[in-house]
4 protein chains.
Amino acid sequence: MSEPTQISTYFKEAMTENRNLTEKQKQILEASLSLFAEKGFANTTTANIAQRADVAEGTVYKRYANKQELLRAIIQPFLAVVLPRMATEFGAERVNLPFNTLRDFLTSVVTDRMHFVMANISVIKVLFEALMYNVELRNKFKDVATKAIGQIFTPAVTRLKEQHLVADIPNDMVFQLVISTFLGAVYREFLDLSPRDVNEQITFIIDTLDKGLRP
Amino acid sequence: MSEPTQISTYFKEAMTENRNLTEKQKQILEASLSLFAEKGFANTTTANIAQRADVAEGTVYKRYANKQELLRAIIQPFLAVVLPRMATEFGAERVNLPFNTLRDFLTSVVTDRMHFVMANISVIKVLFEALMYNVELRNKFKDVATKAIGQIFTPAVTRLKEQHLVADIPNDMVFQLVISTFLGAVYREFLDLSPRDVNEQITFIIDTLDKGLRP
Amino acid sequence: MSEPTQISTYFKEAMTENRNLTEKQKQILEASLSLFAEKGFANTTTANIAQRADVAEGTVYKRYANKQELLRAIIQPFLAVVLPRMATEFGAERVNLPFNTLRDFLTSVVTDRMHFVMANISVIKVLFEALMYNVELRNKFKDVATKAIGQIFTPAVTRLKEQHLVADIPNDMVFQLVISTFLGAVYREFLDLSPRDVNEQITFIIDTLDKGLRP
Amino acid sequence: MSEPTQISTYFKEAMTENRNLTEKQKQILEASLSLFAEKGFANTTTANIAQRADVAEGTVYKRYANKQELLRAIIQPFLAVVLPRMATEFGAERVNLPFNTLRDFLTSVVTDRMHFVMANISVIKVLFEALMYNVELRNKFKDVATKAIGQIFTPAVTRLKEQHLVADIPNDMVFQLVISTFLGAVYREFLDLSPRDVNEQITFIIDTLDKGLRP
DNA sequence: GATGAATGAGACTTCATTCAT
DNA sequence: AATGAATGAAGTCTCATTCAT
């Protein structure tokens, strides 16, 4: 496994490429992202953002009509660019390879995604809070996630089933069961429970999924 | 399995027994709980609460010094009364029974807790939001959870291991792996993904955990 | 002619009767009215209003959702209550009397309305500014005015025509020509041109209209 | 009578001749004029102006130190150039002719000015709003108007009186009574009341003033 | 205890104006 | 001369909290 994929790296790239954002506008986005992650959206004031971005408060509103819009500007590239792109790269590099065993598959997938999740917990928090009380955004996320799963994960699992490497469990349940293990790790990290090295966690998760999903 | 255990039922009972709350104060707590679940703490105004509780705004402040205190009044019985009591009852009724197979154990545990979780998703949301950006509360929760796990779950798993019904996985990881499956179900429900009957989910989860955790 | 009818008197009465406005809310309406008249709506801040009303700024928003709404709260009773009521009283006392000559009619109408207009110039200003760039309000005003004219003015003029005391000019033009004379007086007052006593103006206006409208 | 005299035509000419305005600056003035007329001064932002003028926001400030100055730049040629010039031309062409009857005089004056007013209602709006809450400007306007009246209108009326074609009414009242009829027409147009063709209005106005002002 | 009008601190937002390019 | 991003003062508005009744 190479170094973990930082969402924020993708994020900054997405910013650089995409829109003609001025330097200050980028500072604003980054300041917002970090503050939302630290304190939550509602507990972050535009004054906080302006200060951390080293910018006048009015500048925040030059491009972003309001605070809500600023959140959208952070979430939207996740959904529209970052997540799909990561899914694609992840698919090519980690999933749609010719695996000979379920364990190989799981080793590739779980290792990569676990490190990804761990490296981006604070960003995931922002996304989560945003989804929590916003139906519109939740639906958007659902769309993107469903699409990514359908294109990357499902084909790989289907192939494994054809090779009789995975039990006859519906694809959506296989996905749910795998995702569950990531959520469990996030939960542990989040609550800051008794420490357990990520690589150890990965080993146990792979072991368990390997046995559990086998035919 | 009887009807799912509603946190809110415990909650109301806890209110009734415990403190000498007036009728109005109960209304306030219930209104707060439902509003926080629907809109989130930050998006709920004290005016909202007063209105739904059918009470004057000032009345809210008669017993609860401030909005934060009101949240605490909702969360605290969860942590101090509801969760421990549920753990105990759950332990007595569902876990610390003489299971002959891992599957029997999982059937008991997963079935019960899955229905519990599904029946209380909105309440879990409030707790989650409260924990999200509040270290103090998070630590409190950690304490309670660790204690409950230590008293109920760990002994049961240890016994299963002694019976060679569970693989040699550290207890904390067993717990994590089981909890993960609940989180996966919550995640599915929360995002309102392709519907899959809870009982079906339970079956697949039990199957997978059974195989996965077996020695 | 008795003392001139003050819109603001009607206004205060309307406030007292109508809604259950608290004392402070009345102060807010009165402060707003006077400030809007003095400085215009756009040049009046909510801080100005709060200060003159001797009230906290938040109090302004307790009943009036926003500044625009506050303007509406001032204008609306004019249109819905004050103007119609004045029209009715005016009609009964000044218009729908058995006039034997056009001059009698004009004397009654012009005298009364001229004093009314002069006594309420500042209030008329607010109404005017409000109508100026607000189509919705303008339509509402049109409705009310049209109705009042139809019920009070038109019957009176029709009767005068039947008595052959007024030339064969369409009713709408008769009204326009009479109203014009008030507007001319307002214009003079407003520009603060060479002073000319109101009663003198009234005399010349009556003379001119009498000759001009005669058959 | 030829096509109605458009203030905006005078306005553009005044701009062209007078100052060495660049093309962009003319665009700014025109954009401001149209926006002020549509939405009012206070409701028009410099961003609005820049956009409609197809110019950068900073450009607006190259020649006009501030927004107020921009309004002044629009009003001032009215007062200093447009109105006097119109008065002069109007005087030469329409008033200071050897009229044989009051009706001839009124026909000339009312017809011309009514069409002028109707053709420029939106521009008149801007002037009016500007005068409404600006004492300084109001005084300036008073000066100009008084002068124009004194030089053009008064001599004509005085001559008519000498010919015994006008009743013995003070000149200021004659002017007021004539102006009133224009204001009445503006009022009707502004409120968008029941439509009545301008030429018909003119006929009734002339008839009434003819009879009303006759000795 | 309960009420709900009143408060005011502080958040969000606007926009005329400046200034480096 | 022109640009347009940036500014920040000032305005609008929200809402947790207080308090007289």
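Computed from a prediction, not measured in an experiment: that's the story for all the values here. What you see below is based on every heavy atom in this structure, not just the backbone, and it leaves out hydrogens, waters and symmetry mates. Reminder, nothing fancy here: chain letters follow the sequence lines and each chain counts from 1.
Between Leu71(A) and Gln68(A), some side-chain heavy-atom pair lies under the 4.5 Å cut-off. Counting only heavy atoms from C-beta outward, the side chains of Val126(B) and Glu129(B) never approach each other to under 4.5 Å. Between Ile121(C) and Phe190(C) there is no side-chain heavy-atom pair separated by less than 4.5 Å.
Taking only distance into account, the side chain of Lys62(D) meets the base of dA2(F) through a donor-acceptor pair shorter than 3.5 Å.
Asn48(B) pairs with exactly one of Lys39(B), Glu57(B), Glu38(B) by the side chain to side chain donor-acceptor pair (under 3.5 Å) rule, that one being Lys39(B).
Proximity note for Thr22(B) (side chain, C-beta onward) versus dC12(E), dT7(E), dG1(E): the nearest is dG1(E). Closest contact between the side chain of Thr45(D) and the listed nucleotides dA16(E), dT12(F), dA11(E) involves dA16(E). Listed nucleotides: dA16(E), dT7(F), dT7(E). Nearest to the side chain of Tyr61(D): dA16(E). Across dG4(E), dT7(F), dT3(F), the shortest atom-to-atom separation from the side chain of Ala56(B) is found for dG4(E). In the set dC12(E), dC13(F), dA16(E), the nucleotide with an atom closest to the side chain of Thr46(A) is dC12(E). For Lys24(A), the listed nucleotide lying nearest its side chain is dA6(F); candidates were dA6(F), dT17(F), dT13(E).
One distance of note links OG1 of Thr22(A) with CZ of Arg63(A); it measures 7.0 Å at 0.5 Å rounding.
Of all the heavy atoms in Asp54(D) and Lys24(D), the pair that sits closest is O-NZ, 4.3 Å. In terms of heavy-atom proximity, Ile49(B) sits nearest to Leu70(B) at CD1-CD2, 3.8 Å.
Arg72(B) places its CZ atom 16 Å from the P atom of dA16(F), with the value rounded to the nearest Å. If you take CG of Leu70(C) and C1' of dT12(F), they are 12 Å apart, rounded to a whole angstrom. Distance, Leu35(D) CG to dA16(E) P: 12 Å, rounded to whole Å. Taking atom CG of Asn66(C) as the reference point, atom P of dT14(E) lies 13 Å away to the nearest angstrom. Note: CG (Leu71(D)) to C1' (dA16(E)) measures 15 Å, nearest angstrom. One atom, NZ of Lys67(B), and another, P of dT18(F), lie 15 Å apart when rounded to the nearest Å. Rounded to an integer number of Å, the gap from CD of Glu69(A) to C1' of dC12(E) is 15 Å. As a whole-Å value, the separation of Asn43(B) CG from dT14(F) P is 14 Å.
By the 6.0 Å and 45° rule, Arg72(B) does not stack over the aromatic ring of Tyr64(B).
Remark: DNA chain F takes part in the stems E:2-21 with F:2-21, each of 3 or more antiparallel Watson-Crick or G-U pairs, criterion distances under 3.5 Å.
Contacts of Ala65(A) with the nucleic acid, taken as non-hydrogen atoms under 4.0 Å apart, involve only primed sugar atoms and P, OP1 or OP2.
For the pair Gln68(C) and Gln68(B), both in contact range of DNA chain F, the more 5′-proximal nearest nucleotide belongs to Gln68(C). Mapped onto DNA chain F by nearest heavy atom, Glu57(B) and Gly58(A) fall at different nucleotides, with Gly58(A) at the one closer to the 5' end.
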